[in-house]
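Working notes, beginning with the structure itself.
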Amino acid sequence: MTRLESLAELTYYRGRVGLAAILKALDIGPGDRVATQAFTCLAVPEGIMATGAVPVWIDTEPGGVNMDAEDLARRLPGVKAVVVQHTFGIPARVPAIAAVMGGLPLIEDCCHTFASRLEGRTVGDFGVASFYSFEWGKPLVAGIGGAVTTDDADLRAKLTQHHKTLKEASLKSLLKIQLQYFAFEALYRPSSYWKVRRAFQKLARAGAAEGNYNPTGEVAEDFSLRMAGSLRRRLLGKIREAGEVLVHSNHVAGRYRAEIQSGAVGQVCLPEQSEIAFARYPLLAKDKEALLAKAEEAKVEVADWYKTPIHPAGPESWPAVHYEAGSCPRAEELSRQIVSLPVNKKTTDRDIDAVVRLLNSL
Ligand SMILES: *Cc1c(COP(=O)(O)O)cnc(C)c1O
C-alpha cells in the first residue's frame, strides 16, 4: 500500500468526524482543552466540541497563515492536545510548535494538502495522527468525506475499534451528496465560480444541498457516520490521479507567483525549506471588498475565505465556540485581508491569464 492509499483506510463521513475520533482515541473528552489556531473554519471546533472538549484559540504567526508557536506557548497551561493546521497547503512550522509543547499529542490538520513538505518530511508525518477532508475545495474531492492516518500502533487499534461502530449515512443523504458531486463536476469552472456559488448557497438554505456547518451547541448525527462505500471507491480513484493534481497545482501556483505584480495584493510569508502543494493560492488584499467586487464583475474566481477567524461564524456566534473577540488580533486582521485563487484541475491557462490581468490592472 502506498502512503496515499492509506488515506482510504480509516474513512469518515467528514474530516471533522475523523478529528473527533482521534481526540477520543487519545482519551480527550468533556472539559478537556484542545489548542487550535484561529483563522480556520467551524469544522475544527465542531470536531473538538463533539467530544465535549473546549477549543483554546491560538493566534497566527506574523505575516503567515499558520499557528504562532510563541502564542501557543503562552496559552498552553491546561491544554491536553494541539491541532496544527497547514493552511492553504502551506506547512505550519511544526518543529518550532512541537518544541514548546512538552510532549503533548500533536494532531495535524491536513485537509488542505496531502503532499506539502517541510524540511524533507511530508506533512501528516510529524504528529501522532493526521486528518484529511475530501469535500469541495480540497485537493482530492470525493463528494464529502474525511480520513485519518497514524503511525502509532496503539492509537490505530483504538481508532479501528471505534471505526467498526460507525454507520453509513442514510440513502437520502448519500443521494444528495452524489447529486451535488455530479452537479459540481459538470458546472464548476473558475469562470462559473460566482454563479455556482450563488446557486449552491440558495440550495443549502433551502435544505436541498448538504451545507458545510451544523448549528453550534448540538452534536450532529454526522459523528456516528463513516464514509459511504461508493464515495470511498471514488476516493481511491482520485488517489490514483493525485500525481496529476499535484503537477497541475504546481504549474498554476508557479504562474501566479511569477506573473502577479499588483500593488493591490501582497504575498503571504512562507516557511523556508518547504515544498508547497497549494490547495489554493493565497494573497493579502489591500482592499478585500473592492477586489472581490471587481472579481465578481469580471467573472474571475477569487475566494473570500476565511472571512472571520472561525469561518464563517460572525462575532455573535463566537461565544458558542469559546472565541473571545480580540483574543487573536493577527488572525482577525488576516481574515479582513485574505483572498485566494484556484489551482485545481479545472483552472486553465486562460483562467490564469484572466486573473493575472485583473489583479495587475488594479
Ligand atoms: C475542510 C476542512 C476541515 C474539515 O472539513 P469537513 O467538512 O469536516 O470534511 C477541517 N479543517 C480545515 C482547515 C478544512 O479546510
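Keep in mind that what you see is a predicted model, and the values were worked out from it rather than measured.
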Within the structure provided, determine whether I144 and M227 are in side-chain contact (heavy-atom separation under 4.5 Å).
no

Over-ring placement of R121 relative to F126, 6.0 Å and 45° cut-offs:
yes

After noting the C-alpha distance and the side-chain angles of H163 and Y12, does the key distance pass the ring-ring contact (aromatic ring centres under 6.0 Å, His included) rule?
CA-CA 8 Å; H163 194 262; Y12 298 84; 5.2 Å; yes

Which heavy-atom pair separates C110 from Y132 by the least distance, and what is that distance?
CB-CE2, 3.3 Å

Has R33 got a side-chain atom pairing as donor or acceptor with V54's backbone, closer than 3.5 angstrom?
no

N/O donor-acceptor pair under 3.5 Å between S361 side chain and L358 backbone
yes

With side chains defined as the heavy atoms from C-beta onward, is the minimum distance between L42 and P312 less than 4.5 Å?
yes

Do D109 and L19 come close enough that some side-chain heavy atom pair is under 4.5 Å?
no

For R3 and D125, run salt bridge (Lys or Arg N to Asp or Glu O under 4.0 Å): C-alpha distance rounded to whole Å, both residues' side-chain angles, the deciding distance at 0.1 Å, then the answer.
CA-CA 10 Å; R3 178 200 156 77; D125 284 353; 2.7 Å; yes

Taking it one step at a time, do L10 and R226 satisfy side chain to side chain contact (heavy atoms under 4.5 Å, CB included)?
CA-CA 9 Å; L10 287 170; R226 61 173 189 263; over 6 Å; no

Validation row: F278, N250 side chains within 4.5 angstrom (heavy atoms)
no

Tell me whether the NZ or CZ atom of R189 lies within the 45° cone about the ring axis of F184 and under 6.0 Å from its centre.
no

Please examine the side chains of H86 and S116, heavy atoms only from C-beta on, and report whether any two atoms are closer than 4.5 Å.
no

Checking W305 against F39 for the ring-ring contact (aromatic ring centres under 6.0 Å, His included) test, could you report, in this order, the C-alpha distance in whole Å, the side-chain angles of both residues, the deciding distance, and whether it holds?
CA-CA 9 Å; W305 53 271; F39 197 64; 8.5 Å; no

Measure the shortest side-chain to side-chain distance between S230 and L174 over non-hydrogen atoms and say whether it is less than 4.5 angstrom.
yes

